[in-house]
Amino acid sequence: MTQTIVIFGASGDLTQRKLIPSLYNLYRKGRLEDGIRIVGMAIDPFDDTSFRKHLHEGYEKLVGPIPEPEKWRKFAASIHYQTGSFDSTDDFDKLHQKLHKLEKAGDGRLYYLSTSPQFYEVIASQLGTLDMEVEHHGWRRIVVEKPFGHDRASAQALNKAILSVFDESQVYRIDHYLGKETVQNVLVFRFGNTIFEPVWNRNYIEEVQITVSESIGVGHRAGYYEKSGVLRDMFQNHLLQLLALIAMEPPASLNADAQRNERTKVLYSIRPMTADEVHKNTVRGQYKSYTSEDGVAPHSQTPTYAALRMYVDNWRWQDVPFYLRSGKMMTDKLTEMVIRFRKPPHSFFPHIEGSALTPNTLSICVAPDEGIHLSFETKVPDSILESQSVNMEFHYKPGEIPEAYERLILDALHGDPTLFARADTIDLAWGIIDPILAAWESKNAPPIATYADGTWGPAEGEALLAEDHNEWLYQCGKHGIAVT
Ligand code: BG6
């Protein structure tokens, strides 16, 4: 028995850039079952041969030279294509027949929605019309790419449409941040050690900061981004999942629901904001050259940057601020979670100008230098008792980190939904984001802040932390700085 992966939207960017390269890596590592096939479907008029060529060219253009070309030839032989319109039941019937010819009874089948989100519902419904979700012999699963909905109501409608065909246990809603190695490392780091968890709470932690910045702009994705903006694109999914991993309680086991329950409980505990609180606790910004990008409206108000101050109302985190920020066209590509610990309650060290104790910080670096930094105080040599902050680092080796999609595709093939979002989690996440969007779009909203391209965002983003006598911190990427 083997498996088939059916990719809808197979001629698109995601397939070329991420899905096929990840599948090829899995193939090279011997992690895919023998005989596995990939069947692409899209409107473009390819046949098997021209589709394989298209993927080959895409790989070389978007990823780089194809490693082990001999293996690629064998891998490519397992790739097939069916031209079709998602609106046509006849075309789905052709796909169905093609699958029957390729498959044996008992083979599992993974449907991957890699299309524009407007097609998700119709594809699910077409599959339902032909009973293609029914698990007569082999399993059937569906992977749904983000964005999952545009707001809470549309996400609920999408869930309803998908769940009218598939059972929740067959649905895999992807958030590629959860597939990142360094993001999964948060679990091992927190719960595989004894020395961090006892201090992982409001008694010892002053604040948590999560930054996900990108140095690139919207590029060719303005059509999507104009309707989305940074909150829908990055916060509803990635940043809230990172926050959940930092704030969650230890799960009872590695079981998928045990872990998903704990991540979801964090979202339940996030303090809701009224419109006034949104204006007080959030900043939205746009990079200066955004309105000159191709496809962007000249007076667009779409935010490309956001900074939020949030609170998790529970025993562990009450009143500890969680500062979240993300933006495009910023100084650097950086994904970092910083835990800043409280200062010692009393210092008996002599106060010498510039030598005040710096609170300990722990940084979990997702990008660029995948690893962990811990800063702590040490004595300045040959001084009476002056202190200095030093930085201890751990980094994964370059090349050691697989692409997030590798892990996620493999988990979906193995039927492990741990790193995928459940319907209730998505619903809660939209419940947090919707009121912020509504307040930003209201008449009383302060005007959108602007920031120069290639900076850390608008001054208002700095001011948000300055109100709490704080500033944005980052240590990731600062290699070799032993003493700060
Ligand atoms: C995607 C967003 O989900 O994540 C993009 O749609 C963003 O706008 C991307 O660029 C960032 O992902 P990564 O893995 O490069 O941090």
Side-chain angles (χ1 to χ4, degrees), residues 9 12-19 21-22 25 62-63 112-118 120 143-150 155 172-186 210-243 245 284-287 290 293-296 300 302-306 324-337 364-371 396 401-409 419-421 426 429-430 433 453 457 474 476-477:
D13 190 68
L14 182 71
T15 308
Q16 280 189 316
R17 194 186 289 274
K18 297 285 185 193
L19 303 185
S22 299
N25 278 342
L62 301 169
V63 185
Y112 200 115
L113 302 189
S114 168
T115 63
S116 158
Q118 82 211 57
Y120 293 171
V143 176
V144 188
E145 259 298 333
K146 70 166 275 273
F148 199 94
H150 186 72
Y172 288 67
R173 301 170 191 82
I174 219 163
D175 181 328
H176 79 278
Y177 267 57
L178 288 177
K180 287 180 187 260
E181 202 74 0
T182 34
V183 171
Q184 291 161 48
N185 188 38
V186 174
I210 302 178
T211 293
V212 183
S213 64
E214 295 181 273
S215 52
I216 50 167
V218 281
H220 62 278
R221 294 170 75 221
Y224 151 75
Y225 200 84
E226 271 283 87
K227 288 191 228 108
S228 162
V230 68
L231 222 48
R232 293 185 175 93
D233 189 45
M234 298 298 289
F235 283 75
Q236 185 272 339
N237 33 68
H238 309 325
L239 276 96
L240 285 182
Q241 289 295 341
L242 295 181
L243 186 158
L245 279 166
R284 60 185 178 130
Q286 188 185 75
Y287 62 86
Y290 180 67
E293 301 266 22
D294 264 359
V296 172
S300 171
T302 303
T304 61
Y305 167 97
L324 274 55
R325 70 172 166 167
S326 178
K328 292 207 181 279
M329 206 60 109
M330 291 175 65
T331 313
D332 265 322
K333 165 97 183 152
L334 179 76
T335 303
E336 173 165 352
M337 295 167 261
I364 300 174
C365 307
V366 178
D369 56 345
E370 293 91 348
Y396 287 103
I401 303 282
E403 167 59 53
Y405 277 90
E406 285 181 37
R407 171 68 190 267
L408 295 172
I409 294 171
L419 300 177
F420 295 82
I426 299 237
W430 279 120
I433 296 301
D453 295 18
Y474 70 97
C476 304

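Numbering starts at 1 and runs along the sequence shown. As the structure is a computational prediction, the values presented were derived from the model and not from experiment. One-based numbering, in listed order, for ligands and for the atoms of each.
- Here is the list of ligand 1 atoms found below 4.0 Å of a heavy atom in Lys333: 13 (P), 15 (O), 16 (O).
- Here Lys146 pairs with Asp233 in a salt bridge; the nearest charged N to carboxylate O distance falls below 4.0 Å.
- A donor atom on one side chain and an acceptor atom on the other are not found under 3.5 Å apart for Glu145 and Tyr120.
- Listed by number with element, the atoms of ligand 1 under 4.0 Å from a non-hydrogen atom of Lys146 are 1 (C), 2 (C), 3 (O), 6 (O).
- The closest side-chain heavy-atom distance from Phe148 to Arg173 is below 4.5 Å.
- The shortest N or O to N or O distance between Thr335 and ligand 1 is not under 3.5 Å.
- Between Thr335 and Thr182 the shortest side-chain heavy-atom distance does not fall below 4.5 Å.
- Taking 4.5 Å as the limit, every side-chain heavy atom of Asp453 sits out of range of all side-chain heavy atoms of Tyr290.
- The two atoms that bring Ser22 and Ile409 nearest to each other are CB-CD1, 4.2 Å, heavy atoms only.
- Counting atoms of ligand 1 from 1 in the listed order, those under 4.0 Å from a heavy atom of Asp233 are 2 (C), 5 (C), 6 (O), 8 (O).
- For atom 5 (C) of ligand 1, the nearest protein heavy atom (residue, atom name, distance) is Arg221 NH1, 3.3 Å.
- Set against the non-hydrogen atoms of His176, the atoms of ligand 1 under 4.0 Å away are 1 (C), 3 (O), 4 (O), 12 (O), 13 (P), 14 (O).
- Atoms of ligand 1 lying under 4.0 Å from any heavy atom of Lys328, numbered from 1 in the order shown and given with element: 5 (C), 7 (C), 8 (O), 10 (O).
- Atoms of ligand 1 lying under 4.0 Å from at least one heavy atom of Glu214, given by number and element, are 7 (C), 10 (O), 11 (C).
- Inspection of the Asp175 and Gln241 side chains reveals no N or O donor paired with an N or O acceptor under 3.5 Å.
- Residue-to-ligand polar distances place Tyr177 within reach of ligand 1: an N/O pair is separated by less than 3.5 Å.
- Of all the atoms in ligand 1, the ones that sit under 4.0 Å from a non-hydrogen atom of Lys180 are 13 (P), 14 (O), 16 (O).
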